[in-house]
There are 2 protein chains.
Amino acid sequence: MTQDAILHSLIAENLVSDPAGARGRLLREAARLFRDKGYERTTVRDLAAAVGIQSGSLFHHFRTKEEILKAVMVETIRLNTALMQAAMDAESTCHGKLRALIRAELEFINGQTGEAMAVLVYEWRSLSEASRVEVLELRDIYEQLWLDVLNAMKHQGDLKAEPFVVRRMLTGALSWTVTWYRPDGGLSLDGLTDQVIAMMGLAE
Amino acid sequence: MTQDAILHSLIAENLVSDPAGARGRLLREAARLFRDKGYERTTVRDLAAAVGIQSGSLFHHFRTKEEILKAVMVETIRLNTALMQAAMDAESTCHGKLRALIRAELEFINGQTGEAMAVLVYEWRSLSEASRVEVLELRDIYEQLWLDVLNAMKHQGDLKAEPFVVRRMLTGALSWTVTWYRPDGGLSLDGLTDQVIAMMGLAE
DNA sequence: GTTTACAAACCAAGCGCTTGCTTGGTATTG
DNA sequence: CAATACCAAGCAAGCGCTTGGTTTGTAAAC
């Protein structure tokens with residue numbers, strides 16, 4: 001299944017919004033604004049202007065501003081979990097799977113869904129308690145993909161540190177790339193993935 | 001020089017505020033509130049209430065709310081740069097220096113200055129352009145300490161990846177610990193430092 | 001050792017503005 | 001001809017910050 005096929009099957013199941021639709025376009029703009037200015041600094045007037053409607057009209061699509069934030073996060077996790085699962089399944093060895101996970105997450109963070117990923121990582125404080133629970137449940141599924149691979153590597157002796165610590169370190173390290181890495185610079189995404197593998201002393 | 005001696009010499013030079021004074025106490029509470037709720041969600045009324053004064057009285061000490069944020073950041077960098085320099089100077093080998101840097105940064109993030117460090121890392125978007133320049137200048141000094149050590153290790157062959165990439169990965173990984181690591185749990189700060197070294201394949 | 005002078009620290013009140021959101025009505029679409 | 005999508009206007013609340021006046025700490029003057 002191609003990335004595009006995965007996206008469209010999720011759209012068909014109503015798990016993510018069609019980026020071409022009104023709702024999808026709003027979520028895309030919202031992600032960009034939330035990342036650039038932060039959720040609190042982004043006003044409903046900003047959001048409305050970004051898609052060319054009046055601020056009041058937003059509330060036909062979402063009951064509250066926070067619901068927009070939650071939707072950005074939920075849809076992003078759903079899509080990226082599916083994409084990541086597919087990327088991992090294509091590999092046979094643990095080493096290959098780990099590389100696929102790192103590569104995929106770097107792509108999420110620095111590619112098309114980058115705005116939304118940054119929001120997911122850095123704006124969870126702005127979620128209400130209820131929304132937080134909902135988002136965390138989805139995140140646990142995503143995280144389990146990582147832990148399964150890292151645990152296997154630990155058993156094989158390829159990994160010296162504790163898997164859950166390593167995953168958390170990688171979460172921080174990879175998400176932080178959004179603040180400094182530019183895909184159009186001298187370092188490609190594959191090159192960046194190589195650097196992470198090398199930093200972990202796993203290069204062949 | 002002990003950590004306490006370093007702190008007091010900086011206070012004497014008027015580079016950081018005495019934590020016992022009115023200004024110091026406010027900055028401490030501000031750091032806590034900014035970390036817990038974010039800068040935007042924290043109101044001047046929150047800040048004033050935290051130190052037991054009226055909101056308007058804040059503006060005798062700081063001209064704007066943003067000046068409070070800047071002060072938290074600037075004073076934190078100044079203190080931590082001095083502490084880190086001292087921790088590094090106490091080591092002779094590159095490996096020892098790197099461990100000291102990692103250990104020190106983990107301490108900054110998860111210790112007493114933890115609130116302020118989290119603000120420094122995650123709230124820079126709320127700074128005005130002018131303040132940002134000022135803070136970045138101080139940060140460059142701090143970062144150079146890391147790069148010097150990592151460059152030396154690269155030359156010695158202990159490090160396979162690019163120093164500037166490694167530093168940025170470590171920045172993300174270490175600062176992210178604030179979201180999950182609890183010093184009173186089963187893992188000590190030294191243990192956590194060991195995990196980082198092990199993850200980099202540098203354990204002996 | 002009391003008085004006087006003065007600045008720093010603070011309070012009570014509130015101004016002007018922006019915020020998220022509501023309302024009542026009008027196009028547009030199937 | 002209903003449902004959906006939207007607009008124009010604005011409300012109530014909360015925001016950063018200002019203002020005019022009072023308390024408090026301190027140190028010289030008597």
Side-chain angles (χ1 to χ4, degrees), chain A residues 11 14 17-73 119 123-132, chain B residues 11 14 17-73 119 123-132:
Chain A
I11 293 172
N14 238 339
S17 308
D18 189 342
R23 184 186 156 100
R25 265 196 12 257
L26 172 63
L27 289 182
R28 202 181 156 76
E29 291 297 320
R32 191 179 53 81
L33 285 165
F34 290 164
R35 188 199 58 173
D36 290 348
K37 318 186 12 170
Y39 172 77
E40 296 294 333
R41 294 181 89 95
T42 304
T43 69
V44 293
R45 287 164 179 82
D46 291 335
L47 291 168
V51 290
I53 61 174
Q54 291 296 107
S55 68
S57 306
L58 276 184
F59 296 89
H60 277 273
H61 302 283
F62 299 91
R63 268 174 307 174
T64 64
K65 180 188 169 191
E66 194 226 345
E67 202 170 282
I68 300 176
L69 177 62
K70 193 182 80 177
V72 167
M73 293 185 170
V119 171
E123 296 291 341
W124 61 270
R125 231 177 8 192
S126 297
L127 278 183
S128 69
E129 198 58 45
S131 303
R132 196 133 64 196
Chain B
I11 293 173
N14 239 339
S17 307
D18 188 341
R23 184 185 156 101
R25 266 196 11 256
L26 172 64
L27 289 181
R28 202 182 155 76
E29 291 297 320
R32 193 178 53 81
L33 284 166
F34 290 163
R35 187 199 57 174
D36 290 348
K37 317 182 20 168
Y39 172 77
E40 296 294 335
R41 293 182 90 92
T42 303
T43 69
V44 292
R45 288 163 180 82
D46 291 334
L47 291 169
V51 290
I53 59 174
Q54 291 295 106
S55 67
S57 306
L58 275 184
F59 296 90
H60 276 273
H61 303 283
F62 299 91
R63 269 174 305 177
T64 65
K65 180 187 169 190
E66 194 228 344
E67 202 170 279
I68 300 177
L69 176 63
K70 193 182 80 177
V72 167
M73 294 185 167
V119 171
E123 296 291 341
W124 61 270
R125 227 177 11 191
S126 296
L127 278 182
S128 69
E129 199 57 48
S131 303
R132 196 134 61 200

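Everything quoted here is computed from the prediction, not taken from an experiment. Chain naming here is simple, since letters A, B, ... match the order of the sequence lines and numbering starts at 1 in each.
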When rounded to whole Å, the OH to P distance for the pair Tyr39(A) and dT19(C) reads 13 Å
Considering only side-chain heavy atoms of His60(A), which listed nucleotide, dC6(D), dC10(C), dG20(C), is closest?
dC6(D)
Here the distance between atom P of dT19(C) and atom CG of Asp46(A), to the nearest Å, is 7 Å
Please round to the nearest 0.5 Å and tell me the distance separating atom NE2 of His61(A) and atom CD of Glu67(A).
12.0 Å
Side-chain heavy atoms of Tyr39(A) within contact of Arg125(A), under 4.5 Å:
no
Find the distance Leu26(B):CG to dC10(C):C1' and express it as a whole number of Å.
14 Å
Between P of dT18(C) and CD of Glu40(B), the distance in whole Å:
15 Å
Once you round to the nearest 0.5 Å, how far does OG1 of Thr42(B) lie from CG of Leu47(B)?
6.0 Å
Could you state the CD1-C1' distance from Ile53(B) to dA9(C), rounded to the nearest angstrom?
9 Å
Under 4.0 Å from OP1 or OP2 of dC7(D): is there any side-chain N or O of Ser57(A) that close?
yes
Is a salt bridge present between Arg132(B) and Glu129(B), judged by a nitrogen-to-oxygen distance below 4.0 Å?
yes
Side chain of Phe59(B): nearest nucleotide among dC7(D), dT18(D), dC21(C)?
dT18(D)
Tell me whether the OP1 or OP2 atom of dC10(C) has a side-chain N or O from His61(B) closer than 4.0 Å.
yes
What is the nucleic acid contact for Ser55(A), judged by heavy atoms within less than 4.0 Å: base, sugar-phosphate only, or nothing?
base
Rounded to whole Å, please give me the gap between CG in Leu47(A) and C1' in dC21(C).
13 Å
Nearest-nucleotide 5' precedence on DNA chain C, Gly56(B) against Arg41(A):
Gly56(B)
Take the protein atom CG of Leu58(A) and the nucleotide atom P of dC7(D), then report the distance between them rounded to whole Å.
10 Å
I'd like to know if Arg45(B) reaches the base of dG16(D) with its side chain, counting only an N/O donor and acceptor under 3.5 Å.
yes
Are Arg32(A) and Glu29(A) close enough for a salt bridge, meaning some N to O gap below 4.0 Å?
yes
Here the distance between atom C1' of dG20(C) and atom CD of Gln54(A), to the nearest Å, is 15 Å
